[in-house]
Protein chains: 2
Amino acid sequence: MTAPSADVRTDAFVAALARAGQRVTLPRQAAARLVAARIGHFTAAQLMEDAEAAGEPIGRATVFRALDLFASLGLVERVDLPDGNHAFVVCRAVHHHHAICTRCGRSVDISDASLGEALAAVERQTGFRMTAHRLELFGLCAECAASGVR
Amino acid sequence: MTAPSADVRTDAFVAALARAGQRVTLPRQAAARLVAARIGHFTAAQLMEDAEAAGEPIGRATVFRALDLFASLGLVERVDLPDGNHAFVVCRAVHHHHAICTRCGRSVDISDASLGEALAAVERQTGFRMTAHRLELFGLCAECAASGVR
DNA sequence: ATGCTAGTTGATACTGTGTCTCATATGGAA
DNA sequence: TTCCATATGAGACACAGTATCAACTAGCAT
């Protein structure tokens, strides 16, 4: 389970933009680079700080638009943290879920497979026809669990 | 699956306040009544409008405090809607999940049981030690599914 | 290389949500 | 009835996210 390096991921972002017929602008490239360099989840505000720190500030609106775009391309996904705040995580394009470390913020993609039968059972019980669902798991990743408190 | 009436639920709210050693104030009673009268999920802002409409306006801060209190007593729960907004639903006190109708907002409590094995599997695979999770199901309730579009 | 144009940017203003403060009011025990 | 810890609410604040719009630019056509 070796994670791809940050610049490989940056290239993947840029390639995805081009493939989708989206313009590869300087701010989008910068955003892609900053997102790819991040470990764990991050907020729009953090990304703006990163950009500022990297000497290539990006306007607030542009950051939100870039993140929306990345999300619509399945490159990142919006998650709701336990405290009610919103954040983004880098992820695969297919439907899946996230296990998020509450200490370091790292996230691991989880396959949807094990949920299928449980979902079907709920549909039978409730009469609901499910169209979407969100599952977010919070805990400590192996390293954080091994290395200390909280 | 007959839902308790609104005033039975109001009483349950007031009883829960008293049981927890919390003061049964006028604004809290009003909030309890308004929450109990709602069908489906609602936001803090909606509850304020309800209070206004009922001729017993409640301050913004008080509404948030009352909802936080109800949530801490397990009388309501905060949910994150697919659009990223926050809302509240009335619910049982034990850990469970919600199936939320995207058309009428009605929500049905779902037991946690079917998730246990899936969770354990994820822990084995990822090395995470899970401490919390959130599952929200969105779809059409039986009535909305039967009675029309969307 | 150059020009063109649709799409993009970012400064700014705005909306809405939730929090904080603090003077005033009140529930409920004595 | 008195008293005081607790709750209230007006208003100011902090922050996320959106809307507007004039200026800019990516990338195509020439």
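In what follows, every chain begins at residue 1, and chains take the letters A, B, ... in the order their sequences are listed. Model, not experiment: these values are computed from the prediction.
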Counting distance alone, no hydrogens or angles: does the base of C:dA29 have a donor or acceptor under 3.5 Å from a partner atom on the side chain of B:R23? no
In whole Å, what is the span from the CG atom of B:D68 to the P atom of C:dT19? 6 Å
Would you indicate what A:Q29 reaches in the nucleic acid, counting non-hydrogen atoms under 4.0 angstrom: base, sugar-phosphate, or nothing? nothing
So, applying ring pair (Phe, Tyr, Trp, His ring centres under 6.0 Å) with B:F70, which one of B:F64, B:F42, B:F13 is it? B:F13
Rounded to whole Å, please give me the gap between CZ in A:F64 and P in D:dT20. 17 Å
So, OP1 or OP2 of C:dG27: does either fall under 4.0 Å of a side-chain N or O from B:Q22? no
Are A:H96 and A:C91 close enough that some pair of their side-chain heavy atoms sits under 4.5 Å apart? yes
Taking atom P of C:dG16 as reference, at what distance in whole Å does atom NE2 of A:H86 sit? 17 Å
Nearest-Å distance for atom pair CZ/P, residues B:R28 and C:dG28: 10 Å
Tell me, do B:E52 and B:P57 make a side-chain contact under 4.5 Å, heavy atoms counted? yes
Candidates D:dG9, C:dT26, D:dG27 - which lies nearest the side chain of B:R65: D:dG9
Rounded to whole Å, CG of A:L47 lies from P of D:dC15 at a distance of 18 Å
Give a yes/no on whether any side-chain N or O of B:R78 is located under 4.0 angstrom from OP1 or OP2 of C:dT17. no
The residue, B:L26 or A:T62, whose nearest nucleotide of DNA chain C is more 5′ is A:T62
Heavy-atom side-chain proximity of B:L17 to B:R23 below 4.5 angstrom: no
Considering only side-chain heavy atoms of A:A61, which listed nucleotide, D:dT6, C:dT9, D:dA19, is closest? D:dA19
Check every atom of D:dA26, D:dT20, C:dG18 against the side chain of B:A44 and return the nucleotide holding the closest atom. C:dG18
Give the rounded distance in Å between these two atoms: CG of A:L67 and P of D:dT18. 11 Å
B:N85 CG - D:dA16 P separation (whole Å): 15 Å
From C-beta outward on B:V24, which listed nucleotide comes closest to its side chain: D:dG27, C:dG28, D:dG17? C:dG28
How long is the line joining CG of A:L81 and P of D:dA16, in whole Å? 13 Å
Parallel, tilted or perpendicular for B:H133 and B:H97, by the 30°/60° rule? tilted
Nearest-nucleotide pick for B:I58, side chain only, options being D:dG9, C:dT26, C:dG10: D:dG9
Assert: residue with more 5' nearest nucleotide on DNA chain C, out of B:T25 and B:R60, is B:R60
